[in-house]
Structures are given as structure tokens and as C-alpha cells.
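What follows is a set of notes on a single structure, which appears directly below.
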Amino acid sequence: MILEMVRANGAVSLRELARVVQTSEVTVRRDVRALEAEGLLDRRHGGAVLPGGFTRESGFPQKSHLATAEKTAIADLAAGFVEEGEAIVVGAGTTTQELARRLARVPGLTVVTNSLLVAQALAHANRVEVVMTGGTLRGSNYALVGSGAEQSLQGLRVSKAFLSGSGLTAERGLSTSNMLSASVDRALVQAAAEVVVLADHSKLGTDTMFQTVPTDVITRLVTDEPAAHDDRAATELQALADQGVQIAVTGASGGATTGSGSPGASGASGTTAGTDAVPARQQRRDVPLPGPRRQVPGAAAGLRSATALGEQNTGAERARVADLRRR
């Protein structure tokens, strides 16, 4: 069944495999390892791909069925970073398509995109203006690429760029398997003041051929919470945070954990909040534990004096009220 799913989709996450075959991720990981030893598939962090998957890119029909719940949660969280009246760019991908569906409710928004899927998701949003790049249509992901797309982005300036990709590592940043897509993504990044990467847990630690966004250019990563035993994903999140990337992790309850601090085994450490409560520039601050209280000289005497004065004032007030009643 694992082989059938990989052959049908090109790539499948361990979490999705475990759900379909109704077993644990530990068991699925062991079976994937055995299948890789036979040369039937290649393991990737958080999933499995067809042999030679380092250079292979799955098409839209395959990608659209991978980690759907995770992509939905990521899109919900990422939409909270977009404000009314902003101008942004949104790259191609199934996760960014989910984001676009949520952006349709943001009034006064201007979205520049090279993705037909993103444009389609916003086509009927009355208060959102959609600007399409030029370029040549790449049918596998319904995106416009090539020199026409890149030239149409020259001179453009927006507040944020929302991008996805095939892999993300702290060492190389965001990468993709297609040279033309990588080139357009780099042009999108050049147009934005901030870069927000949308990547589910299966892409963490995965490296593909063409770098699109170096780590030091990434402002924020929006991802889902890795499994508790997924030490590699936690390590990758830690390394990204150490390089200054702000981490926003979706929680199991629909909340979010955000911050620029040290991620633990279950995600990024920071402040837990709903998607609408996540500030765009939230930073983690470590609050020291309270130590023994220090007695300030004269504080007790001052407190007694204040108490006596208060009692005196109260007695005078009562006498004044009683006198008024008698009158």
C-alpha cells in the first residue's frame, strides 16, 4: 500500500501514510526504510518519494493530496499576518493557494502573483485587486515563469512575499526542484520588504536543487507542529531560529506558537495565541523567576504610617456623615 501511494502521488508524508494504513509513524518509517533498501523508493525527511526524487518535482494533482490538514492550518495562521490595505506578492504552490482562499476576506488588499491557482481563488473577491505577472505557463503547477514573469516584477515594491517550495533547511534556506520556478521566486523576493515562507513539517530538513530564498532573507516561517519524536525537524527549527527566522507553528488545537526563540521537540517556543492575535513583530522574552523579596529600609514604618492616616481619615469622614444626618 505504501508503494502504491508513493507511485500514485510522487511523494507522501509519513503522517499521511500512517493515517491511511492505520498504524504508527514509527512502523511506517521502518517499512519505508526497508523499501528504500530494496531500491523501490527514496526516503526524504518526513516522507517518501519515487527513486530519484531529489530532482523530481510532483505535479499539482499529487501535491494537492499531501498534508492537506497541515496546509490548511498553515494558511489559517499565515492569513493573520496580512493587514487591510496591504500590497503583497503570493507565489505558486498548493499551500499558497490555501492562503489565497483566506485572503479573499481581507478588504483593500492588492495581491501580485504568478499563480493561476492563487488568482482563481481571489477572482470573486470584490475588495481584493489581483495583479498577474506575464510569462510562460508551466502546466505542472499552473504558474507563469520565464523572463516575461521576471521582467514584469521589476520596479515592484510590496510589504510581504508569501512563498512555498520543495524543501527548507537552515543551511540553504528555501529551495525547489525547478530552475524556472526558482528564478521567478527570487524575483518575487526582491520585490518584498519581508519574506514569509509557508512549509509543512515534511519539507523541514529537505534540500532540493535550486535555492530560492537564503535563510538570512527569510523573515518568518509558518509551519505545522512536527511529531514529538521528530528530533530532526525540531533541530532544523532550532537552527532556523538561531539564524534570526521568526517561527510560527500551528498547534493541534488550532492555536499558534510564535516566537524567535528556541524551539523544543514539539515546535517553536514562544507565546501561544490565536491566529488573529499574533502580532507581526512578536519577539520572545524570557522572564526571570522571582527571587526572595528584599526588605526596603523604612518600608514597614511607612506602611504603618499610611495605614494610620487612612484610618484617621475614615473616622473623620464617618463623623461628618453622622453630623449631616442629625441636621
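Residue numbers count from 1 along this sequence.
In terms of modelled atom types and a separation under 3.5 Å, the side chain of R102 and the main chain of G80 share no donor-acceptor contact. In this structure a side-chain-to-backbone donor-acceptor pair under 3.5 Å is missing from S164 to T96. A donor-acceptor pair under 3.5 Å is absent between the side-chain atoms of E150 and the main chain of A187, judged by distance alone. Side chain of N114 to main chain of L144: a donor-acceptor pair is present (N/O by atom type, distance under 3.5 Å, no hydrogens or angles). Judged by distance alone, the side chain of S166 and the main-chain N or O of T176 form no donor-acceptor pair under 3.5 Å. Side chain of S152 to backbone of A149: a donor-acceptor contact under 3.5 angstrom is found. A donor-acceptor pair is defined here as one N or O able to donate and one able to accept, closer than 3.5 Å; no such pair exists between the side chain of K160 and the backbone of V196. R138 places no side-chain N or O within 3.5 Å of a backbone atom of G146 that could act as its donor or acceptor partner. Without hydrogens or angle criteria, T212 side chain to A182 main chain gives no donor-acceptor distance under 3.5 Å. Between the T223 side chain and the A199 main chain, a donor and an acceptor come within less than 3.5 Å of each other.
Taken to the nearest 0.5 Å, the CG atom of L99 stands 13.5 Å off from the NZ atom of K71. Expressed to the nearest 0.5 Å, how far CZ of R186 lies from CG of L163 amounts to 11.5 Å. Here CG of L237 is found 10.0 Å from CD of E225. Values are rounded to the nearest 0.5 Å. The CG atom of L14 sits 7.0 Å away from atom NE2 of H201, with the distance rounded to the nearest 0.5 Å. Between T113 atom OG1 and L188 atom CG the span is 7.5 Å, to the nearest 0.5 Å. Note that CG of L204 is 10.0 Å distant from OG1 of T169, once rounded to the nearest 0.5 Å.
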Notebook entry, point to check: Between L122 and V90, does a side chain to side chain contact (heavy atoms under 4.5 Å, CB included) hold up when you go through it step by step?
Noted result: CA-CA 11 Å; L122 295 168; V90 179; over 6 Å; no

Next item on the list: Tell me, with the steps shown, if V82 and F162 meet side chain to side chain contact (heavy atoms under 4.5 Å, CB included).
Entry: CA-CA 10 Å; V82 180; F162 292 85; 3.5 Å; yes

Next item on the list: Assess whether side chain to side chain contact (heavy atoms under 4.5 Å, CB included) is satisfied between L3 and L35, documenting all intermediate values.
Entry: CA-CA 8 Å; L3 280 177; L35 292 169; 4.1 Å; yes

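With respect to R33 and E36, no salt bridge is recorded, no charged nitrogen being found less than 4.0 Å from a carboxylate O. Classification of R15 and D200 as a salt-bridged pair fails, no side-chain N sitting under 4.0 Å from a carboxylate O.
Side-chain contact check for T110 versus V131: some heavy-atom pair is nearer than 4.5 Å. In this structure, L153 and V112 have side chains that are in contact, with non-hydrogen atoms separated by less than 4.5 Å. A 4.5 Å side-chain heavy-atom check between Q120 and L116 finds every atom pair outside the cut-off.
Using a 3.5 Å distance cut-off with no hydrogens or angles, the side chains of S115 and Q97 do not pair a donor with an acceptor.
When every heavy atom of L168 is checked against every heavy atom of L174, the shortest pair comes out as CD1-N, 3.6 Å. Across all their heavy atoms, S175 and D207 have their closest contact at OG-OD1, 3.7 Å. Heavy-atom minimum distance, I88 versus S159: CG2-OG, 3.8 Å. Nearest heavy-atom pair across R127 and R105 is NH2-O, 4.1 Å. Taking every heavy atom of both residues into account, E86 and F81 meet most closely at OE1-O, 3.9 Å. Considering all non-hydrogen atoms of both residues, V189 and V213 come closest at CG2-CG2, 3.5 Å.
Grouping the Ile, Leu, Val, Met, Phe, Trp and Tyr side chains by contacts below 4.5 angstrom, directly or via other members, places V32 apart from V26.
Heavy atoms of other residues, nucleotides or ligands lying less than 6.0 angstrom from CD of Q243 number more than 12.
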